[in-house]
Amino acid sequence: MDKTKHYENSIPEDYVLVKHVDAKSDKKQIAIYTLLSFVPLIVILPILFVIAVECSGYNFLDEHNYGNGMIAILVTAATLFLYTVLHELTHGITYKCFTGGKLTFGLTLTVAFCGVPNIYVRKKASIAALIMPFVVFTLIFAGLTVGLWFVSPLYGILAGAVFAIHLGGCVGDLHWTLMYVTKFKHCNTLMRDTGPEQWLYIPKSDAEKFDIAPIVLNESKDDNTKAN
């Protein structure tokens, strides 16, 4: 498999920047993603609680259930931490499979990251890397939610909470994927993803053809992207 067809080491001269997201300083984007990330939790948890109480007759205040609940909550917290790492590794492994690039793992207050930040990735590899954690962990956590429900409604609810948090955590990935298949559907894109920041480039001819306006960042950021 020729992996070089999935990336460029530098931006071709005829490409222009058309999209930039900075998870460290773009307060509006951070706020939108944060608000949207709570939607699955707000929708899924009440439904599971109603099913547990009204349909299954589960008593959360029962002493036995309460004791098991404390242990289950600790296990859930550990699962969420492990999931964060595995989510990012899934991004990185997918990038690795397509490009063969050296993986970099990072963690900040606003974002975790595992990818190939020093190359510019083409659309097919980028979409695959974006969507893979959503597909893999949606199947896993949906299955766990249903399966653990038959062990205990409490376990099913906690698994459902992890499932909902997973869905909320995929908001940014799904947003980028949606842009790829709508606004940039017919463009030959190149993406550089450093974790906190993403830069999307397309040929000048595509920008003109599809009426997509290039953007200009401040000088320091422009120099930073060109230097890498």
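Throughout, residue positions are numbered sequentially from 1 according to the sequence presented.
- Closest non-hydrogen pair, N188 versus P203, comes out as O-CD, 3.2 Å.
- Sorted by first and then second residue, the salt bridge (Lys or Arg N to Asp or Glu O under 4.0 Å) pairs with a member in residues 166-186 form an empty list; sequence neighbours excluded.
- Here the OG1 atom belonging to T90 is positioned 12.5 Å from the CG atom belonging to L130, to the nearest 0.5 angstrom.
- Across all non-hydrogen atoms, the minimal contact from A52 to P153 is CB-CB, 4.0 Å.
- Here CG of L158 is found 12.0 Å from CG of L144. Values are rounded to the nearest 0.5 Å.
- Taken together through direct or relayed side-chain contacts under 4.5 Å among Ile, Leu, Val, Met, Phe, Trp and Tyr, I11 and V21 form parts of separate hydrophobic clusters.
- Remark: F113 engages no residue in a ring pair (Phe, Tyr, Trp, His ring centres under 6.0 Å) (not counting sequence neighbours).
- Annotation: side-chain contact (heavy atoms from CB on, under 4.5 Å) contacts of I131 (sequence neighbours excluded): F134, V135, L174, T177.
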- Query: Could you walk me through whether V16 and V18 pass the side-chain contact (heavy atoms from CB on, under 4.5 Å) check?
  - Reply: CA-CA 6 Å; V16 292; V18 292; 4.2 Å; yes
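- Contact annotation: the side chain of V162 approaches that of T76 to within less than 4.5 Å [non-hydrogen atoms, C-beta and beyond].
- Between D193 atom CG and S126 atom OG the span is 7.5 Å, to the nearest 0.5 Å.
- Taken together through direct or relayed side-chain contacts under 4.5 Å among Ile, Leu, Val, Met, Phe, Trp and Tyr, F210 and I127 form part of one hydrophobic cluster.
- Using a 4.5 Å heavy-atom threshold, the side chains of L45 and I157 count as touching.
- Taking 4.0 Å as the cut-off between side-chain N and carboxylate O, R192 and E197 do not count as a salt-bridged pair.
- Exactly one residue among L48, I47, L41 makes a side-chain contact (heavy atoms from CB on, under 4.5 Å) with I44. That residue is L48.
- Residues in residues 75-103 take part in no salt bridge (Lys or Arg N to Asp or Glu O under 4.0 Å) pair, two or more places apart or across chains.
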- Begin with the C-alpha distance, continue with both residues' side-chain angles, and end with the deciding distance and a verdict on side chain to side chain donor-acceptor pair (under 3.5 Å) for S10 and Y120. CA-CA 7 Å; S10 60; Y120 299 83; over 6 Å; no
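- In this structure a side-chain-to-backbone donor-acceptor pair under 3.5 Å is present from T84 to L80.
- Of all non-hydrogen atoms in C187 and I202, the two that sit nearest each other are CB-CG2, 3.8 Å.
- The hydrophobic clustering, which links ILVMFWY residues whose side-chain heavy atoms are closer than 4.5 Å, places V146 and L139 apart.
- Of the possible polar contacts, one joining the H91 side chain to the A129 backbone as a donor-acceptor pair under 3.5 Å is found.
- Scanning for side-chain hydrogen bond (donor to acceptor under 3.5 Å, both in side chains) contacts around T99 gives an empty result, with sequence neighbours left out.
- L167 and L36 end up in different hydrophobic clusters when Ile, Leu, Val, Met, Phe, Trp and Tyr side chains are linked at under 4.5 Å.
- Atom CG in L86 sits 8.5 Å away from atom CD1 in I93 (nearest 0.5 Å).
- If you chain together ILVMFWY residues whose side-chain heavy atoms come under 4.5 Å of each other, F38 ends up grouped with I42.
- Considering all non-hydrogen atoms of both residues, K3 and G100 come closest at CD-N, 3.7 Å.
- When hydrophobic side chains of Ile, Leu, Val, Met, Phe, Trp and Tyr are connected at separations under 4.5 Å, L35 ends up as a singleton with no cluster partners.
- With 3.5 Å as the limit, one finds no donor-acceptor pair spanning the side chains of T189 and Y201.
- M179 and M191 fall within the same hydrophobic cluster, defined by Ile, Leu, Val, Met, Phe, Trp and Tyr side-chain heavy atoms under 4.5 Å apart, directly or through other members.
- For P12, the side-chain contact (heavy atoms from CB on, under 4.5 Å) partners are D14, Y15, L190, not counting sequence neighbours.
- Within the structure, ring-ring contact (aromatic ring centres under 6.0 Å, His included) pairs that include any residue of residues 144-164 do not occur (at least two apart or interchain).
- In terms of the ring pair (Phe, Tyr, Trp, His ring centres under 6.0 Å) criterion, residue partners of Y83 (sequence neighbours excluded) are, by chain and number, H87, F137, F141, H166.
- Here Y7 pairs with nothing under the side-chain hydrogen bond (donor to acceptor under 3.5 Å, both in side chains) rule; sequence neighbours left out.
- Looking at F98 and K124, their side chains come closer than 4.5 Å, going by heavy atoms from C-beta outward.
- Contact annotation: the side chain of I215 approaches that of H20 to within less than 4.5 Å [non-hydrogen atoms, C-beta and beyond].
- Across all their heavy atoms, F184 and K123 have their closest contact at O-NZ, 2.8 Å.
- Residue pairs satisfying the side chain to side chain donor-acceptor pair (under 3.5 Å) criterion with at least one member in residues 203-212, sequence neighbours excluded, are absent.
- Of all non-hydrogen atoms in P40 and G168, the two that sit nearest each other are CG-N, 3.8 Å.
- Rounded to the nearest 0.5 angstrom, Q29 CD and I32 CD1 are separated by 5.5 Å.
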